[in-house]
Amino acid sequence: MEPFPRQDGVLHAEGVSLEAIAAGVGTPVYVYSRGHMEHRYHALVAALEPRGADICYAVKANSNLRVLRCFAELGAGFDIVSGGELQRVVTAGGDPGRVIFSGVGKRTDELDLALKLGIRCFNVESAAELERLAGRARLHGCRARVSVRVNPDVDARTHPYISTGLKHSKFGVAVTEARELYRRASADDALDVVGIDCHIGSQITDPEPLLAALDGLLELVDELRGDGISLSHIDLGGGLGVRYHGGTDAEDFDVAGYGAALNQRLAGRPERLILEPGRYLVANAGVLLTRVEYLKPAVDTAGSHFAVVDAAMNDLIRPALYQAWHDVLPVRAAGAGAQQRRWSVVGPVCESGDFLAHDRELSLAADDLLVLCSAGAYGMVQSSNYNTRGRPAEVLVQGDRWQVIRRRETVRDQLAAELPDGHGAALGPGALER
Ligand code: LLP
């Protein structure tokens, strides 16, 4: 499914012109295709047949309430890493009984909330956390369902900031320590040992390290069974990579191959499989739509031509933080014979790290609309108010209908936490809106 087709030279989100969306809500704005999210979800479900798996969407990738509701309607559970994300899931209509709670630093109030709502499982990451969780469950007179996050010491071969499965990372516990934790947990009547989990990293393009991690987990599961501890699920985390460079969907992570390999390895085993994909389900369903404010030709042949756009590193930090690549496309295709140049696409933020793309062959004029592709995952969720810039609006498209699912943030929103009510009047009418 092509979520952003070009019709009569103009880029669309499904059946809606991106020019119409820019005219309606302004720029910068994140635009998501609901059809593509559904398509990805169904593709993953199909790849995991016949055994099947529980897909717990990783909320951190894109936590807009309407996006969460879409996955709840599709039948997904959720992987969360904070009390805030849990409250988003419940607000969106998600079932807390299908929520898995990951993360190395769960606070006491977050554990309490999750216990109260009866989540499916706590993915425990240390002996200290296990002890605190047992204490809270005892206090509340309930039992906490637990899984131990094992660090299988596998290299996910991805960017170091998003690689999490190596021995010295802060995540999970070593296989050797895990066995002891399981013994302790199974002897504690405030805990119910239900699973095992790992997550070795993100934007993984080859299934091989994920399968190596599974092999490590299976060995431990069998040892635990020998110790009299049987688990009901194996959670392999997320990490499935996507295509960021142009081309076709064929270059994406091979879910069919991954599914077949999982089916083969797990054949005849009683444990239920859980996956926690985020990026795979939403990255290519989203673009960041932005407008060119100014063009600044290079000062000399050694310099870059700059296209200064109205989106910046505060809206999409992935290029600055991970040197990530996002394709840049003009919304209106350049006419035949238009002069192309190599542009750096930069934002208004006051630092040279504020770039969205370097060295792109484009034919540009001031006021042109551009999109940064593959921005549906880890885009809006990592945005900030740096330079007192309001975070962008978000739009969800379905067929030929579109809807604002988060309005643009105003200066009033930003000042609200710093000022008592009623301030800002001195600025006069119309102030604080953008
Ligand atoms: N489960 C756990 C425990 C995780 O930590 C993550 C992501 C996921 C699942 C989902 O991983 P995914 O399927 O999306 O790869 N901000 C970075 C990505 C950080 C990923 C953190 N953990 C980026 O923009 O590339």
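Counting starts at 1 for both ligands and their atoms, in listed order.
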I'd like to know if Asp327 and Arg243 make a salt bridge, using a cut-off of under 4.0 Å between side-chain N and carboxylate O. no
How far is atom 19 (C) of ligand 1 from its nearest protein heavy atom, and which residue and atom is that? Ile162 CG2, 3.6 Å
Decide, yes or no, whether a salt bridge links Arg120 with Asp54 under the criterion of side-chain N to carboxylate O below 4.0 Å. yes
Element-labelled atoms of ligand 1 that are located less than 4.0 Å from some non-hydrogen atom of Gly278: 12 (P), 13 (O), 14 (O)
Answer yes or no on whether Arg360 is positioned over the face of Trp325, meaning its NZ or CZ is under 6.0 Å from the six-membered ring centre and within 45° of the axis. yes
re atom 24 (O) of ligand 1, the protein heavy-atom contact at minimum distance is Arg318 NE, 2.6 Å
Mark up the atoms of ligand 1 that fall under 4.0 Å of a heavy atom belonging to Gly238, in ascending order. 9 (C), 13 (O)
For atom 15 (O) of ligand 1, the option (of Ala283, Ser202, Cys56, Gly103) bearing the nearest heavy atom: Ser202
Which part of Tyr161 is near ligand 1, with near meaning a heavy atom under 4.0 Å away: side chain, backbone, both or neither? neither
I want to check a possible cation-pi pair here: Arg40 against Tyr280, using under 6.0 Å from ring centre and within 45° of the ring axis as the test. yes
Quick one: nearest non-hydrogen protein atom to atom 8 (C) of ligand 1, plus distance? His199 CE1, 3.3 Å
Quick check on Gly239 - does any of its heavy atoms sit under 4.0 Å from an atom of ligand 1? yes
Look at atom 4 (C) of ligand 1 and say which protein heavy atom is nearest, naming residue and atom and giving the distance to 0.1 Å. Lys60 NZ, 3.1 Å
Among Arg149, Arg279, Gln203, which one has a heavy atom closest to atom 18 (C) of ligand 1? Arg279
Could you tell me whether Glu276 approaches ligand 1 through its side chain, its backbone, both or neither, with non-hydrogen atoms closer than 4.0 Å? both
In ligand 1, which numbered atoms sit nearer than 4.0 Å to a non-hydrogen atom of Ala58? 8 (C), 9 (C), 10 (C)
Residue-level breakdown please: for Asp79 versus ligand 1, do any non-hydrogen atoms fall below 4.0 Å on the side chain, on the backbone, on both, or on neither? side chain
Under 4.0 Å from a heavy atom of Pro277: which atoms of ligand 1 are those, numbered in the order shown and with their elements? 13 (O)
Does at least one non-hydrogen atom of Gly237 fall below 4.0 angstrom from an atom of ligand 1? no
Between Glu85 and Arg88, is there a salt bridge with N-O shorter than 4.0 Å? no
What about the rings of Tyr258 and Phe253, do their centers lie closer together than 6.0 Å? yes
Check whether Phe101 forms a cation-pi arrangement with Lys106 (NZ or CZ under 6.0 Å from the six-membered ring centre, at most 45° off the ring normal). yes
Exercise: identify the closest heavy-atom pair between Asp354 and Val346: O-CB, 3.6 Å
Pick whichever of Tyr378, Phe101, Tyr322, Tyr280 has a heavy atom sitting closest to atom 14 (O) of ligand 1. Tyr378
Is a salt bridge present between Asp95 and Arg98, judged by a nitrogen-to-oxygen distance below 4.0 Å? no
Could you tell me if the side chain of Arg265 sits less than 4.5 Å from the side chain of Leu214, heavy atoms only? yes
Under 3.5 Å, side chain of His199 to main-chain N/O of Asp197, donor-acceptor pair present? no
With a cut-off of 4.0 Å, which atoms of ligand 1 are near a heavy atom of Gln382? 16 (N), 24 (O)
